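To start, the structure itself, in structure tokens.
Order of appearance sets the numbers: ligands from 1, and atoms from 1 within every ligand. This one's a predicted model, so the numbers in the text were calculated from it and none came from an experiment.
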Amino acid sequence: MLNVIHYNKNSNRNVTGKRVETIKLTDRQEEIIRLVKEKQPITSEKIAGSLSLTRAALRPDLAILTMTGILEARPKVGYVYSKKPSYSIIYDYLKGIKAGEVMSKPVMVSEECTVYDGIVHLFLNDVGTLFIQSEGCLVGAVSRKDFLKIAIGGTDIHKVPIGIIMTRMPNIIYLKPEDSIYDAARKIIDHQIDSLPVVESVFEDDVEQLKVIGKVSKTNLTNLLIKMSENG
Ligand code: ADP
């Protein structure tokens, strides 16, 4: 599907610097959109009349604008500005950015690490979630609330290993590097979590294990929003 970024004529790279396929609308096409927004529904005769063009001369522009979904042609009614494209443009855009392109470095600790040391890791690395690995593979996740729960319970946090309080596989929600940023946002909201490990599958004796290669957190997604806004 085409990425139509008609509100961002100067850039054909996405926020990660990757080239995206864009259509640059001509001044006449922009003028047609403006007219349709103002006078919708409007027939092609009226658009042609307003722009002092013949219908034949206008036809290629209308074809482009309907094909890309910016305008909708309603039989016997005329052209209307479709509400769908702006959403689908953003959807397509977010679908086009992959987790592997925006992921940041995860903080990994072992199951044997104590709760106390886990809290120290949170502070030192300025993160809210630690991912837990055993023999290089993902086995769990621990976040702020897990630490708070155990800390207010009066347990000796110097003795308890993090493996006791972590959320375990197979309950860990993760991303593959080729999953999109839209998928990441959807998972974060649907599962009410702050951070997703980005994993690659490794097979040992035909058993699939997950190796963590990065993470996508709410902070990564918010940074992306800022970059998208400042790119325009
Ligand atoms: P916080 O504890 O700061 O509210 P989260 O909302 O991310 O952070 O964590 C809520 C719960 O979800 C915690 O119990 C945590 O162990 C668990 N959790 C964190 N990340 C994941 C993940 N990627 N998949 C599954 N569970 C997770």
Side-chain angles (χ1 to χ4, degrees), residues 14-16 90-91 93-204 206-228:
N14 71 16
V15 290
T16 65
I90 294 172
Y91 176 79
Y93 193 64
L94 295 183
K95 273 280 187 190
I97 303 173
K98 304 298 170 199
E101 296 171 36
V102 298
M103 67 188 185
S104 55
K105 204 168 161 274
V107 180
M108 310 288 307
V109 299
S110 81
E111 270 187 273
E112 292 77 38
C113 168
T114 64
V115 169
Y116 179 88
D117 286 341
I119 294 172
V120 172
H121 278 296
L122 276 196
F123 279 105
L124 288 182
N125 294 287
D126 197 16
V127 291
T129 307
L130 304 176
F131 296 110
I132 319 301
Q133 63 182 352
S134 174
E135 293 173 10
C137 294
L138 177 66
V139 291
V142 186
S143 67
R144 277 173 289 224
K145 236 175 275 151
D146 302 317
F147 286 120
L148 286 176
K149 260 190 256 160
I150 187 97
I152 61 173
T155 319
D156 186 352
I157 59 170
H158 289 274
K159 292 210 177 107
V160 179
I162 228 167
I164 301 286
I165 64 163
M166 71 184 185
T167 300
R168 276 185 182 276
M169 284 297 280
N171 297 323
I172 301 300
I173 312 298
Y174 57 82
L175 294 168
K176 292 284 177 88
E178 63 275 14
D179 287 336
S180 73
I181 283 314
Y182 176 83
D183 301 327
R186 193 73 268 166
K187 284 183 174 177
I188 282 178
I189 293 301
D190 289 350
H191 298 278
Q192 299 184 351
I193 46 183
D194 290 350
S195 186
L196 300 166
V198 181
V199 302
E200 266 173 7
S201 295
V202 285
F203 288 89
E204 270 171 38
D206 283 346
V207 180
E208 186 186 21
Q209 305 268 27
L210 303 176
K211 195 171 174 307
V212 180
I213 56 166
K215 69 155 184 199
V216 173
S217 66
K218 284 180 179 171
T219 308
N220 294 115
L221 297 181
T222 311
N223 271 331
L224 203 61
L225 278 182
I226 291 175
K227 275 198 205 164
M228 278 167 76

Has Ser180 got a side-chain atom pairing as donor or acceptor with Tyr182's backbone, closer than 3.5 angstrom? yes
Decide yes or no on side chain to side chain donor-acceptor pair (under 3.5 Å) for Lys176 and Ser201, but give the supporting numbers first. CA-CA 9 Å; Lys176 292 284 177 88; Ser201 295; 3.0 Å; yes
Atom 22 (C) of ligand 1 sits nearest the protein heavy atom Ile193 CD1, 3.6 Å
Can any side-chain N or O of Arg168 pair as donor or acceptor with the backbone N or O of Gly163 at less than 3.5 Å? yes
What part of Pro197 sits under 4.0 Å from ligand 1 if we count only heavy atoms: the side chain, the backbone, both or neither? side chain
Quick one: pull up CD1 in Ile165 and CG in Asp146 and give me the separation to the nearest 0.5 Å. 5.5 Å
Starting from atom 3 (O) of ligand 1, locate the nearest protein heavy atom and write down its residue, its atom name and how far away it is, to 0.1 Å. Arg144 NE, 3.2 Å
Does any N or O atom in Thr129 lie less than 3.5 angstrom from one in ligand 1, N or O only? no
Numbering the atoms of ligand 1 from 1, which are under 4.0 Å from a heavy atom of Gln192? 6 (O)
Considering only heavy atoms of Thr167, which atoms of ligand 1 have at least one such atom less than 4.0 Å away? 14 (O), 15 (C), 16 (O), 17 (C), 26 (N)
If the cut-off is 4.0 Å to any non-hydrogen atom of Ile172, which atoms of ligand 1 fall inside it? 24 (N), 25 (C)
Please answer whether the main-chain N or O of Tyr174 pairs with a side-chain N or O of Lys187 as donor and acceptor at a distance below 3.5 Å. yes
Using a plain distance cutoff, I'd like to know if Lys149 has any nitrogen or oxygen under 3.5 Å from a nitrogen or oxygen of ligand 1. no
Around atom CZ of Phe123, are there more than 12 heavy atoms from other residues, nucleotides or ligands closer than 6.0 Å? no
Does any N or O atom in Ile173 lie less than 3.5 angstrom from one in ligand 1, N or O only? yes
Looking at ligand 1, would Ala141 count as a contact under a 4.0 Å heavy-atom criterion? yes
